[in-house]
Colleague: 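To start, I am sharing the structure in question, which I have written as structure tokens.
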Amino acid sequence: MPKPVQKDEIVALLEEIGTLMRLAGENDFRAMAFDRAARTLENLNDDINKYIEEQTLTDLKGIGKSIASDVYAYAETGSVPVLVKLRKQVPDGLIAWLGISGMGPKKIYKIHKELGITEIAELKEKCKDGSVAALSGMGEKSAEKILKSVAWMEEFSERCRIDEATAVAELFVEKMKDADGVREISVAGSLRRASETIGDIDILIAAEEKDAPALMSRFTGLDGVKEVLGQGETKSSVRSNEGRQVDLRIVSPDHYPAALMYFTGSKEHNVALRQRAREKKLQLNEYGLFHQNEEKQADFDRPLPVKSEADIYRHLDLGYIPPELREDHGEFELVSGGEVPELVELSDLRGILHAHSTWSDGKRSIREMAEACMERGYEYLGLTDHSHTAAYAGGLSIERVRQQWEEIDALNREFADKGKDFVILKGIESDILADGRLDYPDDLLAEFDLVVGSVHSGLDHPPEKMLDRLMRAAAHQHIHLIGHPTGRLLLRRDGNKADLNRLIEHAAEHKTAIEINANPWRLDLDWRYGRKARECGLMSAICPDAHDISGLDHVRYGIGIARKAGFGAGRILNTKPLGELKKWLSK
DNA sequence: GCCGTTTTCGGCCCGACTGTTTTCAGTCG
């Protein structure tokens, strides 16, 4: 009997095979097949064990007989022959080399083979002593470039949080947008797609050819630039003071829509679009959409009329796909009939749910938080300080809860007297205990307007136990919202591995919502569960989890994730006006 | 390695930039 496997381990397994194949100099298409299979499984909402037991993995797109039998072998024996062989052939240390920018599988394998080294420390030595430069196809500059990249890699992590990337991108856009010749400017890449972490920052400008050289020089000479990595006529790359790579592309205004789509990606989305274009005897590239010539290549004399990204999708019989959805993660099914998915927008938010004050670990008083909400045009604040179990965060005793309610009542009376259309809701972020109970008695919980249940302790419980905890909490009669379901901290700490698909089904059944925590460290619920949430009709809320006034503005990142997950305003609690929200909360 | 109502063999997205090459391979997105 095959033993149960986790989807994640299979995905990692296939990815490793693909990576090692490239490093071993295998045919790239073969390696790509493993990557594609990994993507397919990553996007799978059903239990992978069902496919293994029934031997039906080959029903999935991109998984053929060979890869299926690799997975079956793994489930049966815990190992895969091809991977065992590859691991013997390719030393561990080489995988880290892939993080060096400018180093791909070919160069890595060549250097490894010819110099007999496997560690980055050795690579640095060989760059310095001239051995690398002496290899055919390499030179002084290659060695220098490798050393520089390694230095950067050691100083900065490859990716950063979205708030960090946003700050850098906005700075560059601000300094370029009013330059002579700029017709249009936009952020592209993973930042435009609202990915939870960002590698490079892409900026696209539409300008006439004559203006491009001056714009490129302006860009590479900006204050925020620490180092110029490359400068060409249409593309330049720099390293910012913060250590982020920023790429600028300049295209003619005619090419802008196709270029914007192209550089927004994702790569997987683009590949799928290009294949779709080919099926229609069309050719899509960064310059536009073209009819094919006899050699099945773009006939640049026969472009299709394109004034916007939406036009390109229309020519391919698709509705406009908002950037956040472009991950080849089911978005094509959403727009196959030409319809456009209605996604929640920042302006839809009517209030703030899940924020802290000085009563627990927040930095501002209730009044200050409330006034900041009013300034931002919100109608309500669901204040949720920590419950008493969270002692490290100044969690509230029952007595303190009642005192806090007096303050909230007084503030609400004051706001009403002044004719302000604003209400503070009495909420709590109640710890979910090790056995899934909440940490106040039911009669107290019943009195809150809003109960958020979150796990803050026992984060390392095994997946099954964590799922039990969360499911039990989700079924609690007084809970409204599960907070940060995995507890992850991006680029720092993995979340728990509970099966969220099951939690989502269960929560939806019990009319409990799961938040999208908008704090850029968290962005949890992960957008990848959006499809499951949609199928189950799960409700969510975009929660800043604010501990300070600036934290309130993190909802912008939550909006990005909610859109990525495919949420419309109708399934986001804090788009409801106060009356409707209260009705929902009273279930 | 995967895929297919034009295909079970021959494709698999494609162009810019770099560095090392006298005509292109490797990398990147």
Side-chain angles (χ1 to χ4, degrees), chain A residues 14 17-18 21-22 25-40 57-71 82 97-111 132-146 148-149 188-193 198-204 212 216 228-237 245-251 255 258-259 261-279 281-290 292 295-298 300 328:
Chain A
L14 296 177
I17 295 175
M21 274 187 169
R22 285 197 177 82
E26 264 282 5
N27 179 330
D28 198 44
F29 292 115
R30 235 185 123 199
M32 251 161 52
F34 282 89
D35 287 345
R36 200 172 304 129
R39 291 291 78 74
T40 297
L57 271 176
T58 50
D59 291 352
L60 300 171
K61 196 181 117 210
I63 299 183
K65 268 161 103 176
S66 171
I67 290 182
S69 72
D70 288 342
V71 176
V82 63
W97 293 28
L98 284 166
I100 305 169
S101 95
M103 288 278 268
K106 298 269 166 36
K107 281 190 193 169
I108 292 173
Y109 195 67
K110 183 186 180 75
I111 294 175
V132 168
L135 297 175
S136 72
M138 311 285 282
E140 280 300 325
K141 284 206 172 174
S142 309
E144 241 174 71
K145 214 174 146 184
I146 292 171
K148 252 187 192 167
S149 297
S190 55
L191 191 52
R192 184 165 181 243
R193 298 199 312 276
I198 309 294
D200 302 340
I201 293 161
D202 296 294
I203 297 173
L204 184 68
M216 274 303 173
V228 179
L229 301 172
Q231 181 169 357
E233 285 172 26
T234 65
K235 177 196 167 183
S236 293
S237 295
Q245 184 174 328
V246 185
D247 295 344
L248 174 67
R249 326 257 177 168
I250 300 179
V251 300
H255 298 153
M261 172 183 271
Y262 183 80
F263 293 119
T264 296
S266 66
K267 206 164 128 185
E268 291 78 14
H269 180 85
N270 285 349
V271 167
L273 276 181
R274 279 158 186 254
Q275 275 163 353
R276 210 179 162 90
R278 288 175 74 96
E279 285 162 18
K281 304 253 187 283
L282 299 172
Q283 202 78 13
L284 180 63
N285 60 32
E286 63 214 80
Y287 299 110
L289 187 58
F290 303 90
Q292 282 183 348
E295 286 90 48
K296 291 196 167 177
Q297 285 173 342
F300 286 94
D328 195 15

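Side chains included, hydrogens not; waters and symmetry mates left out as well; all remaining heavy atoms used. Numbers restart at 1 for each chain; the letters A, B, ... are given by sequence-line order, proteins then strands.
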Colleague: Output the distance between atom CD1 (A/Ile146) and atom CD1 (A/Ile111), rounded to the nearest 0.5 Å.
Modeller: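 The CD1 atom of A/Ile146 sits 4.0 Å away from the CD1 atom of A/Ile111.
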
Colleague: Rounded to the nearest 0.5 Å, what separation is found between the CD atom of A/Glu140 and the CD atom of A/Glu144?
Modeller: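 That separation rounds to 7.0 Å.
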
Colleague: Is the phosphate of B/dC28, meaning OP1 or OP2, less than 4.0 Å from a side-chain N or O of A/Ser101?
Modeller: no

Colleague: Hey, does the side chain of A/Asn270 come within less than 4.0 Å of B/dC13's phosphate (OP1/OP2), counting only N and O?
Modeller: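 Checking A/Asn270 against B/dC13: no side-chain N or O falls below 4.0 Å of OP1 or OP2.
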
Colleague: Measure the distance from CE on A/Met103 to P on B/dC28 and round it to the nearest whole Å.
Modeller: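 That distance rounds to 10 Å.
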
Colleague: Check every atom of B/dG19, B/dG26, B/dG29 against the side chain of A/Lys267 and return the nucleotide holding the closest atom.
Modeller: B/dG29

Colleague: The side chain of A/Lys235 is closest to which nucleotide in this list: B/dG1, B/dC17, B/dT27?
Modeller: B/dC17

Colleague: Mind listing the side-chain donor-acceptor pairs of residues 27-37 of chain A below 3.5 Å, one per line with the distance, residues two or more places apart or on another chain?
Modeller:
from    : atom 1 : to      : atom 2 : distance (Å)
A/Asn27 : OD1    : A/Phe29 : N      : 2.7
A/Asp28 : OD1    : A/Arg22 : NE     : 2.9
A/Arg30 : NH1    : A/Glu26 : OE1    : 3.1
A/Arg30 : NH1    : A/Glu26 : OE2    : 2.3
A/Asp35 : OD2    : A/Arg22 : NH1    : 3.0
A/Asp35 : OD2    : A/Arg22 : NH2    : 2.9

Colleague: Of all the nucleotides listed (B/dG29, B/dC2, B/dG15), which has the minimum atom distance to the side chain of A/Ala33?
Modeller: B/dC2

Colleague: Take atom NZ of A/Lys145 and atom P of B/dT18, then tell me their distance rounded to the nearest Å.
Modeller: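 That distance rounds to 8 Å.
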
Colleague: Any chance you could measure A/Leu229, atom CG, to A/Lys148, atom NZ, to the nearest 0.5 Å?
Modeller: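 It is 8.0 Å, given to the nearest 0.5 Å.
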
Colleague: Once rounded to the nearest 0.5 Å, what's the spacing between atom CZ of A/Arg39 and atom CG of A/Asp328?
Modeller: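 The CG atom of A/Asp328 is 10.5 Å from CZ of A/Arg39, to the nearest 0.5 Å.
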
Colleague: Could you tell me the separation between the CD1 atom of A/Ile108 and the C1' atom of B/dG26, rounded to a whole number of Å?
Modeller: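 In whole Å, B/dG26 C1' and A/Ile108 CD1 are 12 Å from each other.
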
Colleague: I need the minimum non-hydrogen distance between A/Met216 and A/Lys235, along with the two atoms involved.
Modeller: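 Taking every non-hydrogen atom into account, CE-N, 3.4 Å.
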
Colleague: Please compare A/Arg36 and A/Ile100 by the position of their nearest nucleotide in DNA chain B and report the one closer to 5'.
Modeller: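 By nearest-heavy-atom nucleotide position, the 5'-most residue is A/Arg36.
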
Colleague: Within the 4.0 Å heavy-atom criterion, would you say A/Tyr287 contacts the bases, only the backbone, or no part of the nucleic acid?
Modeller: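 Counting heavy atoms under 4.0 Å across all strands, the contact made by A/Tyr287 is with sugar-phosphate only.
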
Colleague: Considering only atom C1', compute the distance from B/dG1 to B/dT5 and round it to an integer number of Å.
Modeller: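 The answer is 23 Å between these two C1' atoms.
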
Colleague: Return whichever of A/Leu60 or A/Glu140 has its heavy-atom-nearest nucleotide of DNA chain B closer to the 5' end.
Modeller: A/Leu60

Colleague: Looking at the angle O4'-C1'-N9-C4 for a purine or O4'-C1'-N1-C2 for a pyrimidine, is B/dT7 syn or anti, with syn meaning within 90° of 0?
Modeller: syn

Colleague: Testing the basics here: between A/Ala212 and A/Ile250, what is the closest heavy-atom pair and its distance to 0.1 Å?
Modeller: O-CD1, 3.7 Å

Colleague: For A/Gly189 versus A/Asp202, what's the shortest heavy-atom pair and its separation?
Modeller: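 In this case the closest contact between A/Gly189 and A/Asp202 is CA-OD2, 3.5 Å.
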
Colleague: Separation of A/Leu248 atom CG from B/dG29 atom P, in whole Å?
Modeller: 15 Å

Colleague: Work out how far the P atom of B/dT20 is from that of B/dC28, and round it to whole angstrom.
Modeller: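 Roughly 16 Å separates the two P atoms.
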
Colleague: If you measure from OH on A/Tyr262 to NZ on A/Lys267, what distance do you get to the nearest 0.5 Å?
Modeller: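 One gets 9.5 Å once the value is rounded to the nearest 0.5 Å.
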
Colleague: Might you point out which heavy atoms bring A/Ile100 and A/Ser149 nearest each other, and give the distance in Å?
Modeller: CG2-CB, 3.5 Å

Colleague: What is the base-pairing partner of B/dC28, counting Watson-Crick and G-U wobble geometry with both distances under 3.5 Å?
Modeller: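 Pairing partner: B/dG15.
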
Colleague: Under 4.0 Å: is that the gap between some side-chain N or O of A/Thr234 and OP1 or OP2 of B/dA16?
Modeller: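 A/Thr234 to B/dA16 OP1/OP2: no side-chain N or O under 4.0 Å.
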
Colleague: Measure from the side-chain heavy atoms of A/Arg30 and tell me the nearest of B/dG29, B/dT27, B/dG1.
Modeller: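 When the side chain of A/Arg30 is considered, B/dG1 is the closest of B/dG29, B/dT27, B/dG1.
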
Colleague: For A/Gly230, is there any backbone N or O sitting under 3.5 Å from a side-chain donor or acceptor partner on A/Ser237?
Modeller: no

Colleague: Measuring only the P atom in each nucleotide, how far is B/dC13 from B/dG4? A whole number of Å is fine.
Modeller: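 Taking atom P in both B/dC13 and B/dG4, they lie 14 Å apart.
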
Colleague: Send over the distance from A/His255 NE2 to B/dA16 P, rounded to a whole Å.
Modeller: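 Spelled out: NE2 on A/His255 to P on B/dA16 is 11 Å.
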
Colleague: Mind checking the CG-OG1 spacing from A/Asn270 to A/Thr264? Nearest 0.5 Å is all I need.
Modeller: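 Here the interatomic distance stands at 8.5 Å.
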
Colleague: Below 3.5 Å between N/O atoms, which protein atoms pair up with nucleotides 5-7 of chain B? Just atom names and distances, please.
Modeller:
from  : atom 1 : to       : atom 2 : distance (Å)
B/dT6 : O4     : A/Lys281 : NZ     : 3.2

Colleague: Taking only heavy atoms on the protein side, list every residue of residues 271-279 of chain A lying under 4.0 Å from any atom of DNA chain B, sorted numerically.
Modeller: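 Heavy-atom contacts with DNA chain B come from A/Val271, A/Arg274, A/Gln275, A/Arg278.
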
Colleague: Starting the side chain at C-beta, find the nucleotide from B/dT20, B/dT18, B/dG1 nearest to A/Lys141.
Modeller: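 Comparing B/dT20, B/dT18, B/dG1 against the side chain of A/Lys141, the answer is B/dT20.
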
Colleague: Side chain of A/Ser66, heavy atoms from C-beta onward: which of B/dC2, B/dT20, B/dA16 has the nearest atom to it?
Modeller: B/dC2

Colleague: If you measure from the P atom in B/dG11 to the same atom in B/dC17, how many Å do you get, rounded?
Modeller: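 The answer is 29 Å between these two P atoms.
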
Colleague: Rounded to the Å, how far apart are A/Leu289 CG and B/dG15 C1'?
Modeller: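 Interatomic distance, CG of A/Leu289 to C1' of B/dG15: 16 Å.
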
Colleague: Tell me: CG of A/Leu57 to P of B/dC2, nearest whole Å?
Modeller: 11 Å

Colleague: Work out how far the C1' atom of B/dG15 is from that of B/dG10, and round it to whole angstrom.
Modeller: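 Pairwise C1' distance, B/dG15 against B/dG10, rounds to 23 Å.
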
Colleague: Could you tell me how far B/dT18 sits from B/dT23 if I compare only their C1' atoms? Round to whole Å.
Modeller: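 Those two atoms are separated by 15 Å.
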
Colleague: Taking atom P in both B/dG26 and B/dT22, compute the distance separating them and give it to the nearest angstrom.
Modeller: 14 Å

Colleague: In whole Å, I'd like the distance from the CG atom of A/Leu135 to the C1' atom of B/dG26.
Modeller: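 The distance from CG of A/Leu135 to C1' of B/dG26 comes to 15 Å, rounded to the nearest Å.
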
